[in-house]
Number of protein chains: 2
Amino acid sequence: MLTAAVRLFNTHGYDATSMFDIAESLGITKSTLYHHVSGKEQLLTMAVDRALGALEEAAREALDSPDPATVRLRRLIRRSVLVLAERLEFVTLLLRVHGNTAAEQQAVDRRRAFDRIVTDLVKQAQAEGGVRADVDAATAARLIFGMVNSLIEWYKPDRGAPESIADTVSDLAFDGLRTH
Amino acid sequence: MLTAAVRLFNTHGYDATSMFDIAESLGITKSTLYHHVSGKEQLLTMAVDRALGALEEAAREALDSPDPATVRLRRLIRRSVLVLAERLEFVTLLLRVHGNTAAEQQAVDRRRAFDRIVTDLVKQAQAEGGVRADVDAATAARLIFGMVNSLIEWYKPDRGAPESIADTVSDLAFDGLRTH
DNA sequence: CCATTAACCGCCCGATCGGTCGGTAAATCA
DNA sequence: TGATTTACCGACCGATCGGGCGGTTAATGG
């Protein structure tokens with residue numbers, strides 16, 4: 001039921017998807033749908049929670065590990081790609097949310113907390129000497145995760161296994177396009 | 001008038017923005033707004049045209065130049081960042097469009113044509129030996145422009161001059177995070 | 001100065017939306 | 001078996017939306 005809603009939200013947009021559409025895609029009526037969920041916003045909340053939960057666990061791992069920041073950053077990038085690939089539809093919805101309601105604002109705040117963790121990790125990696133120090137840490141963090149997050153625009157299971165995509169992304173993030 | 005509409009589309013979402021909202025933000029009535037534009041969809045079409053026009057001109061430059069593909073690719077990345085920064089609101093709207101109407105579908109098609117040009121450029125650069133050949137060209141193109149396109153999520157004029165952001169992006173794209 | 005055009009407005013319409021309510025059939029449990 | 005809960009439905013409501021219509025004022029040009 002949640003997955004059906006998320007699929008419709010992603011293909012037609014959250015606002016453009018009516019509760020009738022969701023009910024119809026499930027072969028039930030709108031009334032029945034309301035018997036199971038409290039409203040449209042709850043569907044959104046549950047969906048973005050599922051995405052944020054996985055992302056936050058990956059971030060927690062990166063914080064708790066005793067390894068150097070550079071390897072923790074690389075691992076967080078890889079893990080994030082895997083989360084994106086595995087929960088593609090939920091993360092897609094999350095990344096399209098823009099804080100127009102209270103529930104959306106909360107999701108945006110949690111996303112920002114994630115971004116802050118990444119920025120701090122980049123800063124530590126720079127201090128360690130593992131990452132070049134001539135780029136602003138916040139900018140680099142945003143750009144690298146811009147790369148990661150772009151998966152929601154193009155990733156499909158037949159475009160490669162999540163693990164191999166994760167390798168490509170972290171390779172490109174650390175070594176760039178140039179031949180070595 | 002167009003810019004007012006685009007600003008509202010970006011902050012509240014296209015569907016969530018009513019023609020009344022747009023008219024109100026201009027200090028006119030809905031009737032007057034309809035006297036100047038044929039409808040809501042025309043506003044969207046005009047806005048994405050303004051974004052696609054600039055992007056397509058950058059792509060044309062990259063195609064017409066006699067330089068090696070590697071330098072043309074780098075130039076296209078830089079020019080794209082500049083277009084994103086200068087026409088941020090229009091490109092933001094463009095990148096959020098998902099082909100739900102005929103007009104939107106046309107915009108998506110033109111975006112895909114742009115992506116194809118980038119992929120071809122990466123392929124040529126790989127053939128030249130200027131770009132590593134161990135990553136799939138289409139994947140690399142999508143990831144690099146995922147990085148570029150992420151600007152719509154965070155760029156503000158006070159976060160640096162467009163030119164310096166363009167340098168950072170192309171540096172990161174070609175050389176990565178690693179210290180050299 | 002008069003006719004035409006452009007800019008503007010108030011009022012209305014049909015459609016759609018999120019959500020509610022009263023009630024029925026089916027499952028569960030004592 | 002009888003009572004209670006759960007799943008389900010049709011009909012309805014108030015609000016909002018994109019858009020249209022008829023008419024008025026202001027500018028323009030011969």
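In what follows, every chain begins at residue 1, and chains take the letters A, B, ... in the order their sequences are listed.
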inquiry  = Could you tell me how far apart A/Met19 (CE) and C/dC17 (C1') are, to the nearest whole angstrom?
reply    = 11 Å

query = How close or far is atom C1' of D/dG19 from atom CG of B/Leu43, stated in whole angstroms?
reply = 13 Å

Test side chain to side chain contact (heavy atoms under 4.5 Å, CB included) applied to B/Thr179 and A/Val131, step by step = CA-CA 5 Å; B/Thr179 45; A/Val131 163; 5.6 Å; no

message = Is there a side-chain contact between A/His35 and the phosphate of D/dA7, meaning an N or O under 4.0 Å from OP1 or OP2?
response = yes

request  = May I ask you to decide if the ring planes of B/Phe114 and B/Phe145 are parallel, tilted or perpendicular, using 30° and 60° as cut-offs?
outcome  = perpendicular

query = Touch check for A/Ser38, heavy atoms < 4.0 angstrom, all strands: base, sugar-phosphate only, or nothing?
reply = nothing

query = Are any of A/His36's side-chain N or O atoms less than 4.0 Å away from OP1 or OP2 of D/dC8?
reply = yes

request  = Could you check how far CD of B/Gln42 sits from C1' of D/dG19, rounded to whole Å?
outcome  = 14 Å

inquiry  = Between the base of C/dG19 and the side chain of A/Lys40, is one N or O donor paired with an acceptor at under 3.5 angstrom?
reply    = no

key: Under 4.0 angstrom between A/Ser31 side-chain N/O and D/dC9 OP1 or OP2   = no

inquiry  = Measuring from the side chain of B/Ile28 (C-beta onward, heavy atoms only), which nucleotide among C/dC9, D/dG18, C/dG19 has the closest atom?
reply    = C/dC9

request  = Return no unless some side-chain N or O of A/Thr32 is found under 4.0 Å from OP1 or OP2 of D/dC9.
outcome  = yes

inquiry  = I need the CZ-P distance between B/Phe20 and D/dG18, as an integer number of Å.
reply    = 11 Å

ask   = With no hydrogens and no angle check, do the side chains of A/Ser65 and A/Arg75 hold a donor and an acceptor under 3.5 Å apart?
value = yes

query = Could you state the NZ-P distance from A/Lys30 to D/dG10, rounded to the nearest angstrom?
reply = 12 Å

request  = For A/Glu41 and C/dC17, give me the distance from atom CD to atom P, rounded to whole Å.
outcome  = 18 Å

task = Show the numbers, then the answer: is there a salt bridge (Lys or Arg N to Asp or Glu O under 4.0 Å) between B/Glu89 and B/Arg7?
result = CA-CA 7 Å; B/Glu89 287 168 316; B/Arg7 189 156 8 241; 2.9 Å; yes

query = Can you check the A/Leu33 CG to D/dT6 P distance for me, whole Å?
reply = 18 Å

Protein-nucleotide distance (B/Ile22, atom CD1; D/dC17, atom P), rounded to Å = 11 Å

query = Does the side chain of B/Thr70 reach to within under 4.5 Å of the side chain of B/Phe174, using non-hydrogen atoms?
reply = yes

